[in-house]
Amino acid sequence: MAAICVFCASSRTLDQRFLDLATETGAELARRGHTLVSGGGRVGMMGAVAAGARAAGGRTLGVIPQALVDLEVADLASDELLVTESMADRKTVMIDKSDAFLTLPGGLGTLDELFEVWTTATLTLHSKPMTVVDADGFYRPLLDWLGGLARQTFLKPAGLELLPVVATVPAALDLLESRLS
């Protein structure tokens with residue numbers, strides 16, 4: 001099956017519904033036989049998605065910079081934990097190790113990862129599928145803004161089409177699986 005990278009929040013102060021979403025995402029990845037690629041942290045949604053995957057018998061690959069290992073937030077229970085020099089190196093390794101990308105709610109780090117993968121796809125530096133899970137309209141303001149960019153021709157419609165948005169994790173995985181086959 002595929003190595004699917006999940007971008008999501010690592011905050012320790014999130015509503016339980018976001019942690020539950022991440023746990024279910026990890027479990028659904030595992031049930032479908034996919035390997036989870038994550039940012040290698042054990043806190044917030046990032047920790048929950050990895051724990052959910054492992055609890056359902058899935059394999060996890062974490063990628064984390066040394067600075068975060070030093071802060072003692074590394075997911076040491078990962079089946080494989082790759083330590084990088086920098087955050088930039090982390091993104092490169094995550095992209096290289098993944099077949100597809102799924103974005104859950106998150107903050108600046110999540111957006112940074114999403115935009116890196118999306119930008120490199122628009123430049124045809126990779127053709128790996130990606131999707132955003134817009135749980136409870138979390139990304140609606142951003143999506144509206146991006147639509148405005150396209151209307152003003154700052155973003156080509158084809159670029160916008162590279163980033164499908166769905167409402168649920170099963171729909172996201174169905175979409176990614178269809179694009180991987």
- State the CG-CG distance between Leu176 and Asp99, to the nearest 0.5 angstrom. 10.5 Å

- Looking only at heavy atoms, what is the nearest atom pair of Ser10 and Val43, with distance? O-CG2, 3.2 Å

- Note on the structure: Between Phe101 and Val117, the two heavy atoms sitting closest are CD1-CG1, 3.4 Å

- Report the C-alpha separation of Trp118 and Thr103 in whole Å, then their side-chain angles, then the decisive distance to 0.1 Å, and conclude whether the side chain to side chain contact (heavy atoms under 4.5 Å, CB included) test is met. CA-CA 11 Å; Trp118 188 20; Thr103 302; over 6 Å; no

- Message: Can you confirm whether more than 12 heavy atoms, excluding those of Leu108, are under 6.0 Å from its CG atom?
- Response: no

- Side chains of Ile4 and Arg32 in contact at under 4.5 Å (non-hydrogen atoms): no

- Query: Do you know which of Arg59, Lys97, Met1 makes side-chain contact (heavy atoms from CB on, under 4.5 Å) with Thr35?
  - Reply: Arg59

- Give the intermediate values and the outcome of side chain to side chain contact (heavy atoms under 4.5 Å, CB included) for residues Val169 and Leu104. CA-CA 9 Å; Val169 170; Leu104 296 174; 4.2 Å; yes

- Side chain proximity check, Glu116 to Glu113, heavy atoms < 4.5 angstrom: no

- Note on the structure: Taken to the nearest 0.5 Å, the spacing of Leu19 CG from Arg12 CZ works out to 12.0 Å

- Item | Val73/Met46 under side chain to side chain contact (heavy atoms under 4.5 Å, CB included): CA gap, chis, key distance, verdict | CA-CA 10 Å; Val73 296; Met46 193 183 307; over 6 Å; no

- Would you kindly confirm whether Leu163 and Met94 end up in one hydrophobic cluster when ILVMFWY residues are joined by side chain heavy atoms under 4.5 Å apart? yes

- Inter-residue atom distance Met45.CE - Leu21.CG, 0.5 Å rounding: 5.0 Å

- Task: Evaluate the salt bridge (charged side-chain N to carboxylate O under 4.0 Å, His left out) criterion for residues Lys128 and Asp96: first the C-alpha distance (whole Å), next the side-chain angles of each, then the deciding distance (0.1 Å), finally the verdict.
- Result: CA-CA 10 Å; Lys128 299 175 181 182; Asp96 289 346; 5.4 Å; no

- Message: Same cluster or not: Trp145 versus Leu162, using hydrophobic residues (I, L, V, M, F, W, Y) connected whenever any side-chain heavy atoms lie under 4.5 Å apart?
- Response: yes

- Between Ser78 and Gly62, which heavy-atom pair has the shortest distance, and what is it? OG-N, 3.8 Å

- Give a yes or no on whether Gln16 atom CD has more than 12 heavy-atom contacts from other residues, nucleotides or ligands under 6.0 Å away. yes

- So do the side chains of Pro105 and Thr110 get within less than 4.5 Å of each other, counting heavy atoms only? no

- Message: Keeping Lys156 on the side-chain end and Thr122 on the backbone end, is there a donor-acceptor pair under 3.5 Å?
- Response: no

- Check: Ala51 main-chain N/O paired with Arg42 side-chain donor or acceptor under 3.5 Å: no

- Query: Can you get from Leu68 to Leu61 by hopping between Ile, Leu, Val, Met, Phe, Trp and Tyr side chains that sit under 4.5 Å apart?
  - Reply: no

- Query: Side chains of Arg54 and Thr60: is there a donor and an acceptor less than 3.5 Å apart?
  - Reply: yes

- Do you know the tightest heavy-atom contact between Ala30 and Ala53? CB-O, 3.4 Å

- Note on the structure: dist His126:NE2 -> Thr120:OG1 (nearest 0.5 Å) comes out at 3.0 Å

- Pairwise distance CG(Leu160) to CG(Leu143) - rounded to 0.5 angstrom: 8.5 Å

- Message: Looking at Pro164, is its backbone amide N or carbonyl O close enough to the side chain of Thr131 to form a donor-acceptor pair, meaning the two atoms are under 3.5 Å apart?
- Response: yes

- Message: When you compare the side chain of Phe7 with that of Val49, does any pair of heavy atoms fall below 4.5 Å?
- Response: no

- Task: Side-chain contact test, heavy atoms from C-beta onward, threshold under 4.5 Å: evaluate it for Arg140 versus Asp144 and give yes or no.
- Result: yes

- Query: Quick one: do Val166 and Leu173 end up in the same hydrophobic cluster if we chain Ile, Leu, Val, Met, Phe, Trp and Tyr together by side-chain heavy atoms under 4.5 Å apart?
  - Reply: yes

- Item | OG on Ser38 to CG on Leu81, rounded to 0.5 Å | 8.5 Å

- ILVMFWY cluster, Val37 and Ile64 together (side-chain gap under 4.5 Å): no

- Message: Please evaluate residues Leu142 and Val132 with respect to the criterion side chain to side chain contact (heavy atoms under 4.5 Å, CB included), reporting the C-alpha separation (whole Å), side-chain torsions for both, the decisive distance (0.1 Å), and the verdict.
- Response: CA-CA 11 Å; Leu142 176 64; Val132 170; over 6 Å; no

- Task: Give me the ring orientation class for Phe138 and Phe18: parallel if the planes are under 30° apart, tilted from 30 to 60°, perpendicular past 60°.
- Result: perpendicular

- Query: At their closest point, which heavy atom of Val83 faces which heavy atom of Pro65, and how far apart are they?
  - Reply: CG1-C, 4.3 Å

- Is a side-chain donor or acceptor of His34 paired with a backbone partner of Gly58 at a separation under 3.5 angstrom? no

